[in-house]
Amino acid sequence: MLTSSAEAGMSVPVRTPRWVSPRRMFEQKLSDLHRCTNLSHIKQVHAQILKASLHGDAHVAAKLVAAFSLCRHMALAVSVFDQIPEPTAHLYNILIRAYAQNSEASRAFATFLQMQRNGVFADNFTYPCLLRACCGQTSLSLVQMIHAHIEKFGFWADIFVPNSLIDTYCKCGSLGVRAARKLFDSMAVRDTVSWNTIITGLVKAGQLLEARQLFDEMPERDTISWNILLDGYAKAGEMNAAFELFGEMPRRNVVSWSTMISGYSEAGEMDMARVLFDKMPAKNLVPWTIIISGYAKKGMAKEASQLYDQMEKSGLVPDEGTVISILAASAESGLLRLGMKVHAWVERTKFKCSTLVTNALIDMYAKCGRLDDALSIFNLMTKKDIVSWNIMIQGLAMHGNGEKALHLFSRMEEEGFEPDGVTFIGVLCACTHAGLVDEGLDYFNYMERDFRIVPQVEHYGCVIDLLGRRGRLKEAFALVQRMPIEPNAIIWGTLLGACRIHNNTDVASEVVSHLIKLDTSDSGNFSLMSNIHATTGDWDGVANIRREMKNTRLQKPSGESSVELGNEVHKFTVFDTSHPESDGIYQMITTLGLELE
DNA sequence: CTAGGGTTAG
């Protein structure tokens with residue numbers, strides 16, 4: 001796994017010498033150690049280092065710390081670090097970066113402080129390492145503190161320092177992006193990366209116009225610059241602008257093509273996505289993944305499945321990203337067959353041990369209604385994480401097994417897993433399905449009191465649904481009014497749905513007045529209201545709503561159900577008579593209904 | 001330090 005630098009660098013092939021001095025061989029091993037991901041090999045080299053009494057050497061220690069960190073073995077990394085009585089700035093930097101990479105931000109900062117206490121001066125490498133640790137959280141004040149530090153000691157000469165500062169600022173919300181722009185404007189020297197980094201920040205913050213302005217001002221654009229803006233337009237659904245930019249690009253690479261295909265797929269324009277896919281010169285796994293997932297999300301099982309086979313035939317081997325993406329897409333539209341095909345392949349590879357892949361499999365089976373399969377994979381899984389539990393709880397809850405879901409929740413606690421905000425969405429959903437209103441309210445209170453999870457708007461939505469479905473509309477309405485977060489259209493819509501079930505026009509009209517204030521474009525709410533008026537015989541009300549829908553040019557798309565038969569997904573709506581054998585189908589439904597009675 | 005696909009969420 002470790003290749004010598006001689007092999008890699010020489011243009012003339014060298015015959016392997018008959019004898020290499022052990023010292024020379026050892027040096028070669030050390031020089032590549034920080035890139036090694038094989039833990040047992042590192043341990044072996046570590047033993048050799050101890051034998052050669054090199055464990056006090058700061059340079060050797062730095063290599064080892066980096067290697068152990070790459071294998072996520074921080075305890076070993078720290079034990080090596082602690083062997084060095086007076087660590088150099090370089091060694092401190094390596095340890096800070098190691099903590100940052102293993103998402104232990106507070107330890108990274110503790111190491112930085114320790115470095116200062118020991119009188120070791122930070123250098124230009126220290127700050128990019130430290131800034132990497134900030135990425136997990138979006139603490140603007142922390143980044144400002146580091147900024148002040150850099151200002152004080154002046155490390156601007158190394159362009160890496162301001163560039164990482166811009167990048168980290170951009171990850172701290174909209175205020176951070178403003179700070180990043182200010183810093184960028186004040187820079188005397190900028191390179192392409194500086195420009196690309198600030199433009200990325202603006203694009204991610206949705207400031208497309210400002211991003212475009214800077215892009216136009218850029219002295220030299222590389223392919224990355226073009227791709228950043230292209231992605232901005234694609235993610236915003238502005239495919240016409242993206243297409244125009246794509247046409248103007250002096251050079252395009254796999255990323256440019258993939259970005260376009262992804263944009264068209266997201267926009268539901270699979271034909272356009274396919275045209276570009278067929279046209280693109282050299283494809284790697286990413287465009288294949290995008291196009292297959294795109295078809296799968298749209299329920300186009302035949303196309304997705306055919307392309308999946310073609311991808312394998314072309315000699316490409318799916319990676320973790322491909323597998324997860326296709327499974328998620330299959331879950332979304334219930335493509336059990338495609339999901340099972342991917343599963344069969346996973347079983348033959350190392351991915352069957354991957355937590356991420358297994359989670360995606362469980363979710364796929366659960367969403368396709370195969371709860372038994374989901375459960376058996378879940379129960380056999382050795383490396384469960386919080387997401388595994390959340391998926392399984394949610395899966396059971398959504399399919400009407402509220403009690404089972406709650407039982408799983410208590411098992412989760414017994415096995416020592418700390419629930420998070422998503423867990424409680426599943427739990428509250430389970431209570432709704434099991435009709436356990438008061439238990440649901442208990443869980444809702446308990447999540448903040450015992451787990452310090454502050455309820456988000458989604459949690460309020462669940463509780464309002466819980467109360468509303470049971471007809472406790474007054475309580476639900478009161479909760480909306482006293483919730484600390486601004487109720488959004490989903491909250492009001494949930495409440496309106498409950499009014500519809502219980503034909504409560506009084507609360508409903510109150511809700512509608514709030515909905516209109518929010519100026520939502522969700523046509524579903526209007527048709528809900530019109531249904532309420534219709535059932536209470538208020539035909540004037542119905543007419544008013546219909547008129548309002550017409551005025552705002554809202555059309556309610558009817559809800560579709562789908563069923564997978566053979567290799568096709570069949571979609572149908574309520575009172576659908578489009579099928580050639582529609583009469584026979586309805587006859588059968590009636591017969592089945594009678595049988596059930 | 002910068003670009004494309006990636007598990008849970010009414």
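Worth knowing before you read on, the calculation uses all heavy atoms, side chains too, and leaves out hydrogens, waters and symmetry mates. Here is how names work: the chains are called A, B, and so on, in the same order as the sequence lines, proteins then strands, and each is numbered from 1.
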Exercise for the section: Sort and list the pairs that fulfil salt bridge (Lys or Arg N to Asp or Glu O under 4.0 Å) and have at least one residue in residues 275-292 of chain A, not counting sequence neighbours. Expected result: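 Only Arg274(A)-Asp278(A) qualify under salt bridge (Lys or Arg N to Asp or Glu O under 4.0 Å).
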Under 4.0 Å, heavy atoms only, any strand: does [X] hit a base, just the sugar-phosphate, or nothing?
X         : answer
Val254(A) : base
Asp191(A) : nothing
Asp420(A) : nothing
Asp319(A) : base
Asp231(A) : sugar-phosphate
Leu356(A) : base
Pro287(A) : base
Lys283(A) : nothing
Gln456(A) : nothing

Exercise for the section: Nearest whole angstrom, please: distance from the C1' of dC1(B) to the CH2 of Trp156(A). Expected result: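 The answer, rounded to whole Å, is 13 Å.
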From the set [options], return the single nucleotide nearest to any side-chain atom of [X].
X         : options                : value
Thr197(A) : dG4(B), dT7(B), dT2(B) : dT2(B)
Val387(A) : dG5(B), dT2(B), dT8(B) : dT8(B)
Ala328(A) : dG4(B), dC1(B), dT7(B) : dT7(B)
Asn227(A) : dA9(B), dA3(B), dT7(B) : dA3(B)
Gln394(A) : dT7(B), dA3(B), dA9(B) : dA9(B)

Problem - With sequence neighbours excluded, residues passing salt bridge (charged side-chain N to carboxylate O under 4.0 Å, His left out) with Lys384(A) - result: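 With sequence neighbours excluded, Lys384(A) shows a salt bridge (charged side-chain N to carboxylate O under 4.0 Å, His left out) to no residue whatsoever.
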